[in-house]
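Taking it in order: structure first as structure tokens, then the write-up.
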Amino acid sequence: MSSSLRRGVLAAAAIAFSVTALSACAAGTNAQTLEVKPDNAETSVGGISLQNVVVVTQPATEASGETKGPAVVSATVFNTTGTAQTLDAVRVEGGGSAEITPAKGKGKVTVPAHGSVILGGKGNASAAVAEIGESVKDGNAQKVTFTFSTTGDVSLRAFVVPADSYFTKWGPTAVPSAPEKPAEPSATPTGSATPTGAATPTDAASASATATESAASH
């Protein structure tokens, strides 16, 4: 995909994301505001509905335009069944599995019966992918698979976008620091160059030399 086409896709994704985010504030998944379907990732399987799904990478620099990890998966998950389900896994094709963290405490993320959960953003649950492969590029539509305790796998293709502009607050919270390089060996010798033995003649040698000189003078 060309860079100009990718930029167009990213712009369309931003508009679609903002429209869906506003729609998600309506009462439930069947509200009239949701009848306008944005060009953004969503799907429904059984009683699980996924909306507004995007893969958000590190902010891109204009100079390089490179896609950098780690990344997060942002989405709104609705559960229309009468039984709570846990979100057991989130996988990004070419990028591996995400570490899923609830909004509060530890353990699994639970989508309550007739309720919803937001992934991504401050104060919400998160699904963070530590490393992304070369196939995960900003502007692509990447396959993302969510695994639920009852419904099982739910897959769809979601836009990959950098955490710029509107997506800043939905992106990864920090860029991992580069590993420290091992210290190089010092060129300064560790041992002292000063000789350990004294150059001063011993007392015995001095006495012998004195006696010899005295005998010669007689």
Side-chain angles (χ1 to χ4, degrees), residues 9 13 16-17 19-21 23-31 33-57 67 69-161 167 170-173:
V9 170
F17 188 89
V19 169
T20 309
S23 300
C25 297
T29 58
N30 295 320
T33 52
L34 293 181
E35 292 179 4
V36 178
K37 300 295 184 180
D39 185 18
N40 209 16
E42 62 174 316
T43 190
S44 295
V45 175
I48 292 293
S49 177
L50 300 175
Q51 295 182 7
N52 205 28
V53 183
V54 288
V55 179
V56 188
T57 62
T67 301
V72 295
V73 177
S74 180
T76 303
V77 184
F78 293 94
N79 178 10
T80 61
T81 71
T83 304
Q85 295 195 45
T86 57
L87 176 59
D88 297 334
V90 177
R91 298 184 301 277
V92 178
E93 186 177 51
S97 297
E99 179 180 355
I100 306 172
T101 307
K104 295 180 180 180
K106 298 180 179 180
K108 293 185 176 182
V109 171
T110 300
V111 188
H114 303 294
S116 63
V117 166
I118 296 177
L119 294 177
K122 185 177 180 180
N124 299 322
S126 67
V129 182
E131 297 182 3
I132 56 175
E134 294 181 357
S135 64
V136 182
K137 299 290 186 182
D138 291 336
N140 284 0
Q142 208 78 13
K143 182 181 178 180
V144 182
T145 301
F146 296 74
T147 302
F148 296 90
S149 55
T150 302
T151 303
D153 289 351
V154 180
S155 299
L156 75 172
R157 288 193 171 274
F159 286 130
V160 180
V161 297
F167 295 99
W170 300 94
T173 56

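Put simply, the side chain of Val154 reaches to within 4.5 Å of the side chain of Thr43, judged on heavy atoms. Looking only at side-chain heavy atoms (C-beta outward), Leu87 and Phe148 come within less than 4.5 Å of each other. Residues Asp88 and Lys108 form a side-chain contact, since some pair of their non-hydrogen atoms from C-beta on lies under 4.5 Å apart. Considering only heavy atoms from C-beta on, Pro102 comes within 4.5 Å of Val109 through its side chain.
A donor-acceptor pair is defined here as one N or O able to donate and one able to accept, closer than 3.5 Å; such a pair exists between the side chain of Asn79 and the backbone of Val111. Between the side chain of Thr57 and the backbone N or O of Thr67, no donor-acceptor pair lies under 3.5 Å. Judged purely by atom type and a 3.5 angstrom limit, Thr145 has no side-chain atom pairing as donor or acceptor with the backbone of Ser155. Side-chain atoms of Gln142 never come within 3.5 Å of backbone atoms of Val160 as a donor-acceptor pair (strictly under, hydrogens ignored). Of the possible polar contacts, one joining the Ser74 side chain to the Leu119 backbone as a donor-acceptor pair under 3.5 Å is found.
What you find for Pro112 and Val117 is that their closest heavy atoms are CD-CG2, 4.1 Å. Closest of all the heavy-atom pairs between Ile118 and Asn124 is O-CB, 3.4 Å. What you find for Val136 and Gly95 is that their closest heavy atoms are CG2-N, 4.1 Å. What you find for Ala103 and Gly123 is that their closest heavy atoms are CB-O, 3.6 Å. Pairing each heavy atom of Ser135 with each of Asn140, the nearest pair is O-ND2, 3.4 Å. What you find for Val53 and Ala75 is that their closest heavy atoms are CG2-CB, 3.7 Å.
For the atom pair OG1 (Thr81) and NE2 (His114), the distance works out to 6.5 Å, reported to the nearest 0.5 Å. Once rounded to the nearest 0.5 Å, the distance linking CD of Gln85 with OG of Ser149 reads 4.5 Å.
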Phe146 and Val73: side chain to side chain contact (heavy atoms under 4.5 Å, CB included), yes or no, with the steps? CA-CA 10 Å; Phe146 296 74; Val73 177; 3.8 Å; yes
